[in-house]
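A short worksheet on the structure shown next.
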2 protein chains.
Amino acid sequence: MTALPGAGEEAATPQLTREALVTAALRILERDGVNGLSMRRLAAELGVKAASLYWHVRNKEQLLDLLTDALMADAVPPPRRGSWRDQLREYGLRHRSHLLGRRDAAKVVAGRLAPGPHLLRLMEDQLDRLREAGFSDADAAQINYLLGAYVHGFVLQEITPLSAAEAAGTGRAEVARAAGDQLRGLPADRYPNLVDLADDLTTPTMDERFAFGLERLLDGLAVLLEQARAAAPEAADPEQEPTHE
Amino acid sequence: MTALPGAGEEAATPQLTREALVTAALRILERDGVNGLSMRRLAAELGVKAASLYWHVRNKEQLLDLLTDALMADAVPPPRRGSWRDQLREYGLRHRSHLLGRRDAAKVVAGRLAPGPHLLRLMEDQLDRLREAGFSDADAAQINYLLGAYVHGFVLQEITPLSAAEAAGTGRAEVARAAGDQLRGLPADRYPNLVDLADDLTTPTMDERFAFGLERLLDGLAVLLEQARAAAPEAADPEQEPTHE
DNA sequence: GACTCTCCCTAACGGTGTTAGGTGGCCCGG
DNA sequence: CCGGGCCACCTAACACCGTTAGGGAGAGTC
């Protein structure tokens with residue numbers, strides 16, 4: 001019915017392609033979230049039956065791998081200006097807001113190995129900046145993983161209750177207030193600190209929490225860099241040479 | 001058939017209880033992983049049909065909430081000896097190995113709000129140590145969340161490909177080597193750093209990666225503490241009083 | 001003895017990922 | 001011009017999943 005060639009439709013390539021699968025999947029993901037993305041719905045979106053998808057894709061897992069790379073396609077690294085610290089902070093902030101920007105992206109990406117070409121380009125770029133900042137090869141590699149893990153982990157952590165709350169129809173301000181009330185209602189003899197710090201524990205927004213952790217991480221990296229510079233002061237910083245001993 | 005009281009079986013309390021559900025669920029989780037834990041299998045484990053579970057539990061989500069708290073039941077905080085830094089490090093290490101110790105615990109726990117009493121006790125204890133170390137209330141609250149998010153996020157990140165690899169029947173050493181080979185095989189003109197650092201990127205174990213990140217975090221916290229001490233040197237450290245102005 | 005409440009049952013609904021096997025149309029060799 | 005083969009889709013089915021409606025046995029209470 002839909003497949004018969006009408007006046008002058010696309011008779012040349014009316015077929016599904018792997019790319020068509022992915023872009024349709026992206027559309028469904030944005031519209032219905034990761035729970036709404038089933039093989040049957042994806043097939044329906046393409047005017048096709050579910051079994052047909054398996055001609056183009058081995059299974060759903062592989063589709064999600066492709067989707068992961070597609071989600072990373074339009075992530076842009078920050079401008080190459082400012083200190084290494086500014087650049088890394090911007091990296092983290094952008095990475096997080098990129099993941100938060102497309103619905104359930106973090107859930108799809110979560111822990112998926114086999115990084116696609118787009119993620120590889122970001123890694124390549126970040127490693128370059130880390131080495132240029134003066135980190136050792138081993139440290140640069142570790143830091144590269146660390147920052148990715150921090151961002152992914154944090155976002156994953158914040159996204160799950162977020163979607164649970166919106167499923168229940170409650171705003172995040174209400175959730176925070178409810179959490180505060182719960183903490184304040186605890187027995188003060190068994191949980192004195194939780195009761196005492198109920199406000200401090202519940203008022204920070206996720207943005208602030210993320211920024212706080214990121215800043216601590218950057219402080220730690222600065223310490224590492226200083227230590228490395230102090231231990232081996234020959235590299236690229238020819239100011240003085242304390243060659244005693 | 002199974003329910004008829006025989007010679008002298010348990011005629012007193014042959015009923016399911018919520019606790020029985022949870023311990024059976026823990027058993028299934030350990031044996032079959034989170035994907036093997038369905039309401040039907042849980043019911044079968046208890047010699048009962050699936051619909052019966054809904055008498056004791058609202059839905060699967062609530063069961064997972066209960067399971068989350070049960071998974072945290074036997075987590076013990078580190079001894080209260082050594083510097084705040086030693087204690088926090090030990091906290092992180094224990095928390096991670098606790099999650100890794102029971103199968104798929106991280107996947108169940110992931111981002112589940114409504115922390116149970118066991119998790120609350122850990123929070124309470126950690127907050128107490130943070131305040132004692134000299135962190136401000138606001139900082140202590142932030143740090144408490146940060147450390148939890150780091151551990152949870154990291155473990156979640158590492159657990160997913162781990163189970164994927166073991167499903168494929170490959171050891172983690174093979175995975176690392178395969179990743180290294182993939183990186184080395186990249187075009188060196190487009191990905192010079194990835195090719196160059198292929199070894200550094202793939203040799204660290206997850207233990208080392210976690211410890212590295214944790215140490216950077218602790219360094220960052222130390223910086224924060226020093227800054228706070230320098231800005232307001234009146235608190236609990238009565239050595240001298242620079243009361244000029 | 002009747003009533004109620006607890007607790008488990010059967011049956012079913014509407015979903016899920018995935019596979020086996022069929023089938024129409026197209027291109028290519030003869 | 002005709003037949004084989006392959007591509008790309010189809011139908012049908014399997015074995016699951018979470019969840020609900022409604023039934024019914026048994027115990028406890030008035």
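Just so it is clear: chains get the letters A, B, ... in the order the sequence lines come, proteins before strands, and each one is counted from 1. Given the structure is predicted, the values throughout are model-derived calculations rather than measurements.
- The distance from atom CG of A/N35 to atom C1' of C/dG14 is 16 Å, rounded to the nearest whole Å.
- One atom, CE of A/M39, and another, P of C/dG14, lie 23 Å apart when rounded to the nearest Å.
- No side-chain donor-acceptor contact under 3.5 Å links B/R184 to the backbone of B/A198.
- An OP1 or OP2 oxygen of C/dC8 is reached within less than 4.0 angstrom by no side-chain nitrogen or oxygen of B/W55.
- The environment of CD in B/E19 is sparse: at most 12 heavy-atom neighbours from other residues, nucleotides or ligands sit within 6.0 Å.
- The distance from atom CG of A/L53 to atom C1' of C/dG17 is 11 Å, rounded to the nearest whole Å.
- In this structure, the CG atom of A/L42 is 14 Å from the C1' atom of C/dT16, given to the nearest Å.
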Please walk me through it: do B/F210 and B/V155 pass side-chain contact (heavy atoms from CB on, under 4.5 Å)? CA-CA 9 Å; B/F210 180 78; B/V155 172; 5.5 Å; no

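- In this structure, B/L21 CG and B/L66 CG are separated by 8.5 Å, a value rounded to the nearest 0.5 Å.
- Proximity of B/H56 to the phosphate of C/dT6: no side-chain N or O atom is located under 4.0 Å from OP1 or OP2.
- Under the 30°/60° scheme for interplanar angles, the aromatic rings of A/H152 and A/H95 are found to stand perpendicular.
- Rounded to whole Å, the distance from NZ on B/K60 to P on D/dC16 is 15 Å.
- When each of A/R41 and A/R58 is assigned the nucleotide of DNA chain C with its nearest heavy atom, A/R41 is the one assigned upstream, toward the 5' end.
- Across the protein-nucleic acid pair, A/Y54 atom OH and C/dG22 atom P stand 21 Å apart, rounded to whole Å.
- Summarising the geometry of B/L53 relative to B/M39, their closest heavy-atom pair is CD1-O, 3.2 Å, with the distance given to 0.1 Å.
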Pull out every protein N or O sitting under 3.5 Å from an N or O of nucleotides 9-13 of chain C, one pair per line with the distance.
residue	atom	partner	partner atom	Å
C/dC9	OP2	B/K49	N	2.7
C/dC9	OP2	B/S52	OG	2.6
C/dT10	OP2	B/K49	NZ	3.3
C/dA12	N6	B/R40	NH2	3.4

